[in-house]
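Okay, so here's the structure we're looking at.
Only a predicted model underlies this, so the values are computations on that prediction, with no experimental measurement involved.
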Amino acid sequence: MALFHVRMDVDIPRDLDPDERAETLAREKKYSQDLQHSGKWVHIWRITGKFSNISIFDVETPDELHEILWNLPLFPYMTIDVTPLNKHASSIK
């Protein structure tokens, strides 16, 4: 397994149809919660004051993470920054 730190900043256009916005947000919530239940999306934290989050993913490969991110319903409205994580030499775990 490989861990990744992912920051997602969302910028939904203000003129997006309200029904499309609501439907997209509902699909996003379901998709992300399904991934959390599967153990692939390990943590998700809101960044205070922003429509952004910091998440930790535990996936088999970078390609798997790529597919997960590309399938996010909000992906077209996101700026995403991915950082691979490795065990620190001082970690006791």
Side-chain angles (χ1 to χ4, degrees):
M1 299 299 252
L3 292 175
F4 293 88
H5 169 281
V6 180
R7 178 177 172 146
M8 297 176 229
D9 298 300
V10 182
D11 187 16
I12 299 174
R14 302 231 186 266
D15 61 350
L16 185 66
D17 176 74
D19 291 335
E20 183 177 345
R21 177 187 170 96
E23 189 269 334
T24 302
L25 289 170
R27 286 189 300 116
E28 179 81 13
K29 183 175 184 175
K30 179 176 180 345
Y31 183 68
S32 70
Q33 289 180 345
D34 288 347
L35 287 164
Q36 289 171 66
H37 287 297
S38 78
K40 303 244 180 235
W41 198 323
V42 181
H43 297 285
I44 182 170
W45 295 278
R46 171 77 56 217
I47 298 175
T48 304
K50 298 179 182 268
F51 195 174
S52 303
N53 74 73
I54 297 290
S55 294
I56 302 295
F57 287 86
D58 189 352
V59 294
E60 293 292 329
T61 65
D63 288 335
E64 182 182 12
L65 178 62
H66 179 82
E67 286 302 312
I68 287 170
L69 297 176
W70 272 70
N71 283 297
L72 289 165
L74 286 174
F75 181 82
Y77 312 116
M78 288 182 170
T79 300
I80 299 175
D81 184 54
V82 177
T83 304
L85 300 174
N86 295 293
K87 184 177 179 181
H88 194 283
S90 296
S91 175
I92 62 169
K93 293 186 178 190

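- Summarising the geometry, atom CZ belonging to Arg21 is positioned 8.0 Å from atom CZ belonging to Arg14; distances are rounded to the nearest 0.5 Å.
- Looking at Glu23, its side chain never comes within 3.5 Å of a backbone N or O of Asp19 through a donor-acceptor pair.
- Taken together through direct or relayed side-chain contacts under 4.5 Å among Ile, Leu, Val, Met, Phe, Trp and Tyr, Leu72 and Ile44 form part of one hydrophobic cluster.
- The side-chain contact (heavy atoms from CB on, under 4.5 Å) check on Glu67 picks up Asn71, with sequence neighbours excluded.
- Counting heavy-atom neighbours within 6.0 Å of Trp70 CH2, excluding the residue itself, gives a total of 12 or less.
- Note: the hydrophobic cluster containing Leu3 does not contain Leu35 (ILVMFWY, side chain heavy atoms under 4.5 Å, direct or indirect links).
- Val82 and Met1 are not part of a single hydrophobic cluster, where members link through side-chain heavy atoms under 4.5 Å apart.
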Give the intermediate values and the outcome of side-chain contact (heavy atoms from CB on, under 4.5 Å) for residues Phe51 and Arg46.
CA-CA 8 Å; Phe51 195 174; Arg46 171 77 56 217; 3.7 Å; yes
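- Counting heavy atoms from C-beta on, the side chains of Arg27 and Thr24 come closer than 4.5 Å.
- Applying the 6.0 Å contact sphere to CG of Asp11 captures no more than 12 heavy atoms from other residues, nucleotides or ligands.
- Between Met8 atom CE and Ile47 atom CD1 the span is 10.0 Å, to the nearest 0.5 Å.
- The stretch residues 73-91 participates, sequence neighbours left out, in no side chain to side chain donor-acceptor pair (under 3.5 Å) pair at all.
- The hydrophobic clustering, which links ILVMFWY residues whose side-chain heavy atoms are closer than 4.5 Å, places Ile56 and Leu65 apart.
- Annotation: side chain of Leu25 is in contact with side chain of Leu74 (closest heavy-atom distance under 4.5 Å).
- In this structure, the side chain of Glu64 does not engage the main chain of Val59 through any donor-acceptor pair within 3.5 Å.
- Donor-acceptor pairing under 3.5 Å is lacking for the side chains of Asp63 and Thr61.
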As a quick check of understanding, evaluate side-chain contact (heavy atoms from CB on, under 4.5 Å) for Met78 and Leu69, giving each step before the final call.
CA-CA 10 Å; Met78 288 182 170; Leu69 297 176; over 6 Å; no
What's the verdict on side-chain contact (heavy atoms from CB on, under 4.5 Å) for Tyr31 and Ile68, showing C-alpha distance, side-chain angles and the deciding distance?
CA-CA 9 Å; Tyr31 183 68; Ile68 287 170; 4.0 Å; yes
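- Using a 3.5 Å distance cut-off with no hydrogens or angles, the side chains of Trp41 and Ser55 do pair a donor with an acceptor.
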